[in-house]
Amino acid sequence: MSTDNDVSAVLDKVFSQILKSNIFINREVLRPDYIPDELPHREEQIAKLGSILAPSLRGYRPSNVFIYGLTGTGKTAVTKYVIKKLYNKAVELGLDIIHCYINTRQDDTTYRVILRLAECTNLRLPFTGISTAEAYRRFLRALDSRGGIMIVVLDEIDFLIKRQGDELLYRLTRSGDELHNSKISIIGITNDLKLVEDLDPRVRSSLGEIEMVFPPYNAIQLEDILKRRAKMAFNPNAIDNSVISLCAALAAREHGDARRALDLLRVAGEIAEREGSTVVTRDHVYKALKEIERDRVGEVIMTMPLHSKLVLLSILYLTRGGGKTTTGDVYTYYKSLCSKIGIESVTQRRVSDIIGELDMAGIITAKVISRGRYGKTRIISLAVPEDIVIKTLKEDPYLEPLLSWD
DNA sequence: ATTCCACCGGAACGTGTGGGAT
DNA sequence: ATCCCACACGTTCCGGTGGAAT
């Protein structure tokens with residue numbers, strides 16, 4: 001279709017556009033993992049967490065902490081910030097403090113968490129092969145022979161607990177019995193306020209020695225945060241306050257999620273850059289809104305196993321035009337799809353779990369209801385635009401023959 | 001007040017893949 | 001070479017349940 005020259009010309013254009021663009025001065029500060037030097041409107045939490053962890057500078061084990069707050073309320077940022085400062089201070093004082101940040105959404109099994117813990121003590125463990133108990137023993141031995149205070153941050157801890165229970169937490173909180181030269185203290189972070197309820201009371205009391213709550217940012221605070229960050233990120237002429245306000249307002253609608261707001265700002269900037277515009281406009285923000293959604297959904301769907309995609313395709317078909325469907329109907333249709341492409345179907349039990357997974361991923365909404373005499377089921381509807389789903393599913397060659405009805 | 005549907009959802013277990021430790 | 005291990009994905013078995021219908 002296109003010659004090498006065409007392609008190279010297009011690339012040249014893209015490259016030169018980015019190179020001559022002066023929208024950003026430093027886009028890094030808008031990335032989600034960036035920790036700023038100042039965290040406005042979180043002074044109180046910083047001070048409190050700082051005072052909780054400070055005893056480690058005198059060789060005492062800090063209390064365990066449980067941190068609650070909705071997404072994008074600064075839990076992770078504040079924790080990382082305080083730990084960074086603490087660590088710097090410790091180095092300055094010649095103290096040995098080991099810090100370990102683990103996100104249990106990514107490392108959601110006991111074994112993988114232990115692996116990460118071991119890494120922080122410079123112990124390399126195989127990713128499979130040895131038993132969890134053995135891995136734990138080795139980690140403790142390595143830590144104890146190294147000595148020092150270890151501060152462990154378990155972010156999104158609800159994922160670990162949901163999958164593996166609180167066994168590891170229990171052992172970690174009681175690790176003092178097995179350690180002579182070192183101590184472990186734990187900071188658990190979650191946005192699931194109900195989490196504690198189904199925790200072993202012993203774990204609850206030791207892990208929640210101190211509890212902290214992060215309230216959501218309001219629209220004014222959000223705007224202030226964005227303005228400060230934008231000042232560092234953007235060329236002063238490339239963006240004006242009304243665009244920033246728009247980002248803040250859109251994010252405030254979603255319970256004051258600062259991460260979303262910053263994402264929005266960054267992606268809007270990138271779109272402006274790609275389009276060769278010299279300023280970021282409100283229109284770019286709206287486009288960013290769509291692009292973020294599209295990327296997220298696309299990413300999730302693309303990496304799903306075949307049967308999950310087939311279930312999703314069934315839901316898509318049965319809810320065309322914003323309708324609703326039920327588990328039984330999805331299963332029936334799903335089975336017909338399987339026979340159409342000549343593969344074996346999974347059981348309804350499994351499909352039920354897949355529906356749950358799709359719900360968790362935010363692709364669909366599934367709510368358990370009772371229809372009285374007509375049984376209990378889930379009513380299911382699509383939670384994202386149809387065209388995004390269709391477009392992504394089309395990329396899977398296995399599904400090709402099934403996507404002709406649109 | 002009971003019945004009973006159409007599933008829900010917990011638990012234990014199986015299989016295949018990619019790996020130890022000795 | 002032999003035996004053990006983690007993990008994703010799936011199965012089998014089965015008790016549980018909200019509320020319309022009777």
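First the proteins, then the strands, lettered A, B, ... as listed; each starts at 1.
Residue A:Leu115 contributes atom CG, which lies 13 Å from atom C1' of B:dG19 at whole-angstrom precision. Straight-line distance from the CD atom of A:Gln106 to the P atom of C:dA8: 14 Å, rounded to whole Å. Between A:Ile379 atom CD1 and C:dG18 atom P the separation is 16 Å, expressed in whole Å. One can place CD of A:Glu357 at 11 Å from P of C:dA8, the figure rounded to the nearest angstrom. Between the CZ atom of A:Arg350 and the C1' atom of B:dA11 there is a distance of 15 Å, given to the nearest Å.
Across A:Thr326 and A:Arg371, no two heavy atoms sit closer than the pair CG2-NH1, 3.9 Å. When all heavy atoms are compared, the tightest approach of A:Gln45 to A:Met212 is O-CE, 3.5 Å. Between A:Ile25 and A:Lys231, the closest heavy-atom pair is CD1-O, 4.2 Å. Closest approach of A:Glu211 to A:Lys48, counting heavy atoms only: O-NZ, 3.3 Å.
Between A:Phe24 and A:Phe234, the angle of the ring planes stays under 30°, which puts this pair in the parallel group of the 30/60° scheme.
For the residue pair A:Thr173 / A:Arg202, no side-chain donor-acceptor distance below 3.5 Å is found, with atom types taken as modelled. Between the side chains of A:Gln164 and A:Thr109, not a single donor N or O lies within less than 3.5 Å of an accepting N or O. Side chains of A:Asp158 and A:Thr190: a donor-acceptor N/O pair is present below 3.5 angstrom, by distance only.
A:Asp107 meets the salt bridge (Lys or Arg N to Asp or Glu O under 4.0 Å) test with A:Arg116; sequence neighbours excluded.
Scanning residues 154-175 of chain A for heavy-atom distances under 4.0 Å to DNA chain B yields an empty list. For the contact set between residues 122-145 of chain A and DNA chain B, defined by any heavy atom under 4.0 Å, the members are A:Pro126, A:Phe127, A:Thr128, A:Gly129, A:Ile130, A:Arg138.
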Subject >> Base-contact (B) and sugar-phosphate-only (S) positions in nucleotides 4-10 of chain B, heavy-atom cut-off under 4.0 Å, - elsewhere >> reply: SBBSSBB
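Taking the ring axis of A:Tyr101 as reference, the NZ or CZ atom of A:Lys80 stays within 45° of it and closer than 6.0 Å to the ring centre.
In the helix from B:dA1-C:dT22 to B:dT22-C:dA1, the terminal helix axes, each the rotation mapping four pairs' C1' atoms onto the next four within five end pairs, subtend 30°, rounded to 10°.
Nucleic acid contact for A:Thr110: none, since no nucleic acid atom lies under 4.0 Å from a heavy atom of the residue.
If you look at A:Phe214 and A:Tyr68, their ring centroids are not closer than 6.0 Å.
With hydrogens and angles ignored, the 3.5 Å screen pairs no side-chain donor or acceptor of A:Glu386 with any backbone N or O of A:Leu316.
Residue pairs meeting the side-chain hydrogen bond (donor to acceptor under 3.5 Å, both in side chains) criterion with at least one partner in residues 353-366 of chain A, sequence neighbours excluded, are A:Arg349-A:Asp353, A:Arg350-A:Glu357.
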